[in-house]
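FYI, side chains are in, hydrogens and waters are out, and symmetry mates aren't considered; it's all heavy atoms of this structure.
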Amino acid sequence: MTQIDTSVPHSARIWNYWLGGKDNYPVDEEAGNAYTAVFPGIVTIARSSRAFLGRAIRHLVQEEGVRQFLDVGTGLPTVDNTHEVAQRYAPESRIVYVDNDPLVLAHARALLTSSPEGVTSYEDMSLYEPERILEAATKTLDLSRPTALILSGILGHVADHAEACGLVRRLMAGLPSGSYLCVNDGSRGTDPDYEQAQDGYNETGAVPYFLRPVEQIEAYFAGLELVEPGVVSVPLWRPEPGAATKPIGQHGGVARKP
């Protein structure tokens, strides 16, 4: 059984706390509140990132006809997980979640619920093993058919940008023409307070997360066909009518593999 240390704050549980989830402990709430004291906007970033993911998946299902999703770096289950959004619009959708965090593994049962018509599965693997991920995904997905690769808030954990780009390319190489890449990650150049808060967090000894210039996030989509409006601050990506569209330090996009 996975042992969970509740005496030390954990980034996935802090993110869960900011999203309004319940899978966190007082130590995470304390750390989350300490971060928001420096930069209150982190809650908006967390929730805007999750809302972008929901809109992107809905677009992929309803407008592009995608029925298969490979979600790498899943994180803790909260509201509107990938399978919940996809199967809301297409119950037959099939989803593979991938993460190698013992904490996420302990909560993975919540990710394995599925509509009767569809399937969800969970693979305990690292982003740094693209070929193993693709091989494991074939147990659930037919990788001769278009598949959407979801990388939500995970590439910032890869310290070297060139390596992050290489991991994206290797994963997309295993997917056929007509597949899609959906990425959103923390960005520099929009909110100096966010950059200061995150740089300070990275110096605490916690698992670091690197905010990147927008052009480096755009580089993940090299060789792919971006869906309009391209790579933008996530509130600006196909917003709901009447939704707030103030740019924040989180950029994302969706692109098709030719």
Side-chain angles (χ1 to χ4, degrees), residues 11-12 14-15 18-19 35-36 38-53 55-56 70-75 98-101 126-130 133 148-173 180-238 245-257:
S11 60
I14 297 169
W15 192 258
W18 288 330
L19 284 172
Y35 194 113
T36 57
V38 177
F39 178 60
I42 190 62
V43 174
T44 298
I45 284 175
R47 297 182 181 184
S48 295
S49 173
R50 179 56 56 137
F52 162 81
L53 179 63
R55 296 194 306 277
L70 177 57
D71 187 332
V72 182
T74 303
V98 180
D99 209 310
N100 74 327
D101 186 330
S126 165
L127 170 66
Y128 296 94
E129 306 172 284
I133 288 172
L149 172 64
I150 309 292
L151 297 168
S152 183
I154 181 67
L155 294 171
H157 287 298
V158 182
D160 183 77
H161 177 250
E163 182 177 16
C165 288
L167 292 169
V168 174
R169 284 195 299 271
R170 287 162 64 188
L171 284 165
M172 289 302 296
Y180 286 83
L181 171 65
C182 174
V183 170
N184 78 94
D185 255 302
S187 55
R188 291 189 176 274
T190 304
D191 195 327
D193 290 341
Y194 179 30
E195 296 167 24
Q196 181 180 352
Q198 188 60 45
D199 291 346
Y201 177 85
N202 288 351
E203 291 171 2
T204 65
V207 176
Y209 180 85
F210 301 96
L211 306 181
R212 294 208 156 103
V214 176
E215 58 268 23
Q216 291 192 357
I217 296 176
E218 291 172 339
Y220 298 138
F221 298 95
L224 306 178
E225 300 166 348
L226 280 163
V227 171
E228 289 295 330
V231 177
V232 294
S233 183
V234 292
L236 305 179
W237 198 90
R238 298 176 178 253
T245 54
K246 180 182 178 181
I248 59 174
Q250 187 85 5
H251 278 67
V254 175
R256 181 183 183 275
K257 181 176 180 177

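Here the side chain of Asp193 pairs no donor or acceptor atom with the backbone of Val38 at under 3.5 angstrom. No side-chain donor-acceptor contact under 3.5 Å links His251 to the backbone of Val234. Formation of a donor-acceptor pair under 3.5 Å by the Asp185 side chain with backbone atoms of Gly156 is found in this model. With hydrogens and angles disregarded, a donor-acceptor distance shorter than 3.5 Å links the side chain of Glu195 to the backbone of Gly189. Panel note: side chain Asp191, backbone Ile248; no donor-acceptor pair is recorded below 3.5 Å. At least one donor-acceptor pair closer than 3.5 Å links the side chain of Arg55 to the backbone N or O of Trp237.
Counting only heavy atoms from C-beta outward, the side chains of Leu127 and Leu151 approach each other to under 4.5 Å. For the pair Trp18 and Ile45, the minimum side-chain heavy-atom distance is 4.5 Å or more. Using a 4.5 Å cut-off on side-chain heavy atoms (C-beta onward), Asp199 and Arg188 make contact. In this structure the side chain of Val72 never reaches within 4.5 angstrom of the side chain of Ile154, judged on heavy atoms. Counting heavy atoms from C-beta on, the side chains of Ile14 and Tyr35 never come closer than 4.5 Å.
Of all non-hydrogen atoms in Ala46 and Leu19, the two that sit nearest each other are O-CD2, 3.3 Å. Residues Leu236 and Pro247 approach most closely at CD1-CG, 4.2 Å, considering heavy atoms. In terms of heavy-atom proximity, Arg170 sits nearest to Pro130 at NH2-CD, 3.5 Å. Nearest heavy atoms, Ala164 versus Val158: N-CG1, 3.7 Å.
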Next on the checklist: For a side-chain contact (heavy atoms from CB on, under 4.5 Å) check, start with the C-alpha distance between Ser152 and Phe52, then their side-chain angles and the critical distance, and finish with the verdict.
Outcome noted: CA-CA 10 Å; Ser152 183; Phe52 162 81; over 6 Å; no
Next on the checklist: side-chain contact (heavy atoms from CB on, under 4.5 Å), that's the test. Do Tyr194 and Gln250 meet it? Break it down for me.
Outcome noted: CA-CA 10 Å; Tyr194 179 30; Gln250 187 85 5; 4.2 Å; yes
Next on the checklist: Under the criterion side-chain contact (heavy atoms from CB on, under 4.5 Å), I'd like the reasoning laid out for Asp99 against Asp71: C-alpha separation, chi angles, the key distance, then a yes or no.
Outcome noted: CA-CA 9 Å; Asp99 209 310; Asp71 187 332; over 6 Å; no
Item to check | Residue pair Asn100, Tyr128: steps toward the side-chain contact (heavy atoms from CB on, under 4.5 Å) verdict | outcome: CA-CA 10 Å; Asn100 74 327; Tyr128 296 94; over 6 Å; no
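Paired with Asn184 under the rule side-chain hydrogen bond (donor to acceptor under 3.5 Å, both in side chains), one option of Ser49, Ser233, Ser48 passes, and it is Ser49.
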Let me check something: any side-chain donor-acceptor pairs from residues 213-228 under 3.5 Å, sequence neighbours excluded? List them with distances.
{"residue": "Tyr220", "atom": "OH", "partner": "Arg212", "partner atom": "NH1", "Å": "3.2"}

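To the nearest 0.5 Å, the span separating CG on Asn202 from CG on Leu211 amounts to 7.5 Å. Separation of atoms OH (Tyr201) and CZ (Phe39) is listed at 15.0 Å; rounding is to 0.5 Å. In this structure, Leu70 CG and Cys182 SG are separated by 12.0 Å, a value rounded to the nearest 0.5 Å.
In Gln196, the CD atom is not crowded: 12 or fewer heavy atoms of neighbouring residues, nucleotides or ligands sit closer than 6.0 Å.
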